[in-house]
Number of protein chains: 4
Amino acid sequence: MHDKAAEPQIGRRRDPRTDAAILRATLELIAERGVHGFRTQDVAKRAGVGKGAIYRRHRSKDDLVMASVAALVDQEIVVPDTGSTRADIDALMHEAVELYRGALPGRLMPNLVSAMAERPELARAVREGFLVRRREALTAVLLRGVERGDLRRDVDIELVLDILGGPLFYRLLITGGPLDDQLAEGVTDLILRGFAPDKPTRARSTRTAKEHA
Amino acid sequence: MHDKAAEPQIGRRRDPRTDAAILRATLELIAERGVHGFRTQDVAKRAGVGKGAIYRRHRSKDDLVMASVAALVDQEIVVPDTGSTRADIDALMHEAVELYRGALPGRLMPNLVSAMAERPELARAVREGFLVRRREALTAVLLRGVERGDLRRDVDIELVLDILGGPLFYRLLITGGPLDDQLAEGVTDLILRGFAPDKPTRARSTRTAKEHA
Amino acid sequence: MHDKAAEPQIGRRRDPRTDAAILRATLELIAERGVHGFRTQDVAKRAGVGKGAIYRRHRSKDDLVMASVAALVDQEIVVPDTGSTRADIDALMHEAVELYRGALPGRLMPNLVSAMAERPELARAVREGFLVRRREALTAVLLRGVERGDLRRDVDIELVLDILGGPLFYRLLITGGPLDDQLAEGVTDLILRGFAPDKPTRARSTRTAKEHA
Amino acid sequence: MHDKAAEPQIGRRRDPRTDAAILRATLELIAERGVHGFRTQDVAKRAGVGKGAIYRRHRSKDDLVMASVAALVDQEIVVPDTGSTRADIDALMHEAVELYRGALPGRLMPNLVSAMAERPELARAVREGFLVRRREALTAVLLRGVERGDLRRDVDIELVLDILGGPLFYRLLITGGPLDDQLAEGVTDLILRGFAPDKPTRARSTRTAKEHA
DNA sequence: TAATAACCGAGACGGTACGTCTCGTCTTAGG
DNA sequence: CCTAAGACGAGACGTACCGTCTCGGTTATTA
């Protein structure tokens, strides 16, 4: 958003429907013509607003794109609690796969990456406003896994998070490989196996192996 | 290159130093201002050439970007063969970490990602001209690991490659986390442990643990 | 004025101080920045009112300009009657010189001219509401001069009026020459000499009449 | 013109046909839609050029209008020499009347006036580049008239020039009165009669002196 | 006294022209 | 035919301004 300052108490208030219409039109146009293929004038026309209304809210076209993406991904994350560490991780991973397999995030994420590289404050906003929530949810699940004896006590949580998320983004952004359940399950499986406690905790590891089979 | 056809035999010949200066200036400017943030005019000025010289060689700005990147990544990859699967993987991973920690590729990659998303031919060029070679080197090492009994015979090579590379790009592009040896070794370690053959449980895992320590 | 209709009998009445403040601010801003150089928003700010208050009174910016000018020039003209034709003309001419030498009308007039050229109704308003009164006063004086025998009976009053007023505006608007008493007296003198009755001077008036015919 | 500086010696030269096409299109559009009623984009389209070509030559729309006018009025003035002072003055006056009666100058002059009031350097340019030539031609004719004995030796040339030109502009800009031969001849006649040498008629000058006192 | 209606300042709104900027091409004088 | 410099046509961008509308609140007349 352009003005994060508190709303002025006098004068006509900004119409929230205009806010929404602008973001909505932007997302539609990005999906139709690509991030650099649409015109601000088209956004204005489709949203039924003037260009001024757009630029009052977003300081540039890039900013508009970013805000639209942010609005799109601004959703609650529920920490799953099925009783099974594997099932919990799987739930979050499948959710992520679903999200990025969608048309819009798939087209937007690459541009977001480039914008983040050039604008640190945007990078911070995306990380703190979006990634952190997913990472916190995963962290909660992983810590329960440790408590439950499914994961080693000295597991490097940061590393696990990057291994869970990395391949997903790698395929989305770089290799173009498939974002599917197989990926999600392959990674989850590796984590559970690779970071399983060393000890002779047989019963549990057996169960894990069974679930995999 | 714009004209791959045979060089004309008459008239003044193109100066190869001009070719190089253009590519070099382009890479610098991409790193400084991003793929969409630099201007062809700037490339001309920095390279000390006219815009004509650029467009005689590259048919568009995107083409110029592609050629520059191609020139950058056009380097040999040696497949390491130390006798130890872990050491071989580590060698390749450390090399990659070194590469992306460097100034130019590190700043180039985020911009490249966004450009790739919009230009499939650029994406293909980058994948085939650059990634594929690293992946093939890793694949060779992994297959030797399988032969050697360090990895399961049914290991999903594609998945392993994505798990090896994913976290690296994830930190570079998204989280901003550190690109260091700890990351490289953590991932290598996980792969070797997670995809270790099941049966000969004890001896091997012990050895693996030792190597890690 | 926007609504010439009778004031509504219910609701809050328009504040006459607001009426005046708007006109005053408009005139100041026209003088400062020209007819096309000021903004309605500036008028509102300087008058301490909202834009709505302006547009409730004037249907457009041009209308506002017109009303402001009308308010400015809405002044009585007294027809002088000293007994001397020369003194009467001089009185009116000096008054005019004084008026246009002043800051506001002097700066307003050039802008007004351009606005008049594009808006016939403004031109008419200025002519009828302002010029006509001066011209009528002069006409009265001139007709008395004719009766008194100071001017020829067949004098072209319109032409005399334009010769009296023209040089004044010419200097104000075009040449930038001085608006001073010397100008006023020079023109007055010429009129009295050039349009003096023929009789007392035989040779000359005959020749003039011939040439004119 | 935007850049009065010397043309750079290297690079492509500005196309003089583009210069002319822009001015031509501008004049046409002014005639069709008025000075403020046309759009720069329309000029570009009609001239078959890009907006850049316009703004490379003229720093603003107003500047473009002015340059167009300047091009229009940039014509040689020939000093007439018929042997008759009256005929010489008449020739110049009729020429001026013809000029300002035309559609374009008639529509442009008012705007020029307003622009001159706001931009002293424009005012100077118009005066020195255009008015001065007419005034010099008239001055030459008047001085010959003095030599010839048709005008008083002590005639105030500046005043005469303003009386000759003033009524013309007054009607054009203010009163909207007719610009016709009658006006030209009436003014010429008055000058010749009013500034005729005193000598042959002593009584007159005495009387005039008395009235003035 | 309460309801009603028009006023008020502030400022967001839709619309539209402006002037800037960049791309990829073309033109010039020269190597 | 190459080169550097820079003008060219095209068209999107972000700004500025107009005249309208909305907001919370005030003022005056009617009921």
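Naming convention: chains lettered A, B, ... in sequence-line order (proteins, then strands); numbering from 1 in each chain.
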Within the structure, does a side-chain N or O atom of C/Tyr55 lie under 4.0 Å from either OP1 or OP2 of F/dT20?
-> no

When the distance from CD1 of A/Ile10 to P of F/dG25 is rounded to whole Å, what number comes out?
-> 12 Å

Nearest-angstrom distance from the residue atom CZ of D/Arg59 to P of E/dT20 | 10 Å

Where B/Leu112 and B/Val35 come nearest, the two heavy atoms and their spacing = N-CG2, 4.3 Å

Taken to the nearest whole Å, NZ/C/Lys45 to P/F/dC18 is 14 Å

Should the pair B/Asp42-B/Arg33 be classified as a salt bridge under the 4.0 Å nitrogen-to-oxygen rule?
-> yes

Distance, rounded to the nearest Å, where B/Ile54 contributes CD1 and F/dA4 contributes P | 9 Å

Separation of F/dG14 P from A/Gln41 CD (nearest whole Å) = 12 Å

Residue closer to the 5' end of DNA chain F, D/Gly50 versus B/Val49 (nearest nucleotide) = B/Val49

Respond yes when some side-chain nitrogen or oxygen of C/Arg13 is under 4.0 Å from OP1 or OP2 of F/dA28, and no when none is.
-> no

Can you list the steps and then say if A/Val65 with A/Ser68 is a side-chain contact (heavy atoms from CB on, under 4.5 Å)?
-> CA-CA 5 Å; A/Val65 170; A/Ser68 304; 5.7 Å; no

Shortest non-hydrogen contact between B/Thr40 and B/Ile54, atoms and distance = O-CD1, 3.7 Å

A/Arg12 (side chain) and F/dC21 (base): donor-acceptor pair under 3.5 Å | yes

Do the numbers put D/Lys61 on top of the ring of D/Phe38, so that NZ or CZ is under 6.0 Å from the six-membered ring centre and no more than 45° off the axis?
-> yes

Starting at atom NE2 of A/His58, determine the distance to atom P of F/dT15, rounded to an integer number of angstrom.
-> 13 Å

Looking only at E/dC18, F/dC13, E/dC13, the nucleotide nearest the D/Arg39 side chain is E/dC18

Where each residue is assigned the nucleotide of DNA chain E containing its nearest heavy atom, which of B/Thr40 and A/Gly48 is assigned the position nearer the 5′ end?
-> A/Gly48

Walking DNA chain E from its 5' end, the first of A/Ala44 and D/Asp62 to be reached, judged by nearest nucleotide, is A/Ala44

Has A/Arg57 got a side-chain N or O lying under 4.0 Å from the OP1 or OP2 atom of E/dC13?
-> yes

Spacing of C/Asp42 atom CG relative to F/dC18 atom C1', expressed in whole Å | 13 Å

In whole angstrom, give the distance that lies between atom NE2 of B/His36 and atom P of F/dA12.
-> 16 Å

Please work out if C/Lys51 contacts a base, only the sugar-phosphate, or nothing of the nucleic acid, heavy-atom cut-off 4.0 Å.
-> base

Side-chain atoms of D/Arg14 come closest, of E/dA12, F/dT3, F/dC8, to F/dC8

Between A/Phe38 and D/Ala53, who's closer to the 5' end of DNA chain F by nearest nucleotide?
-> D/Ala53

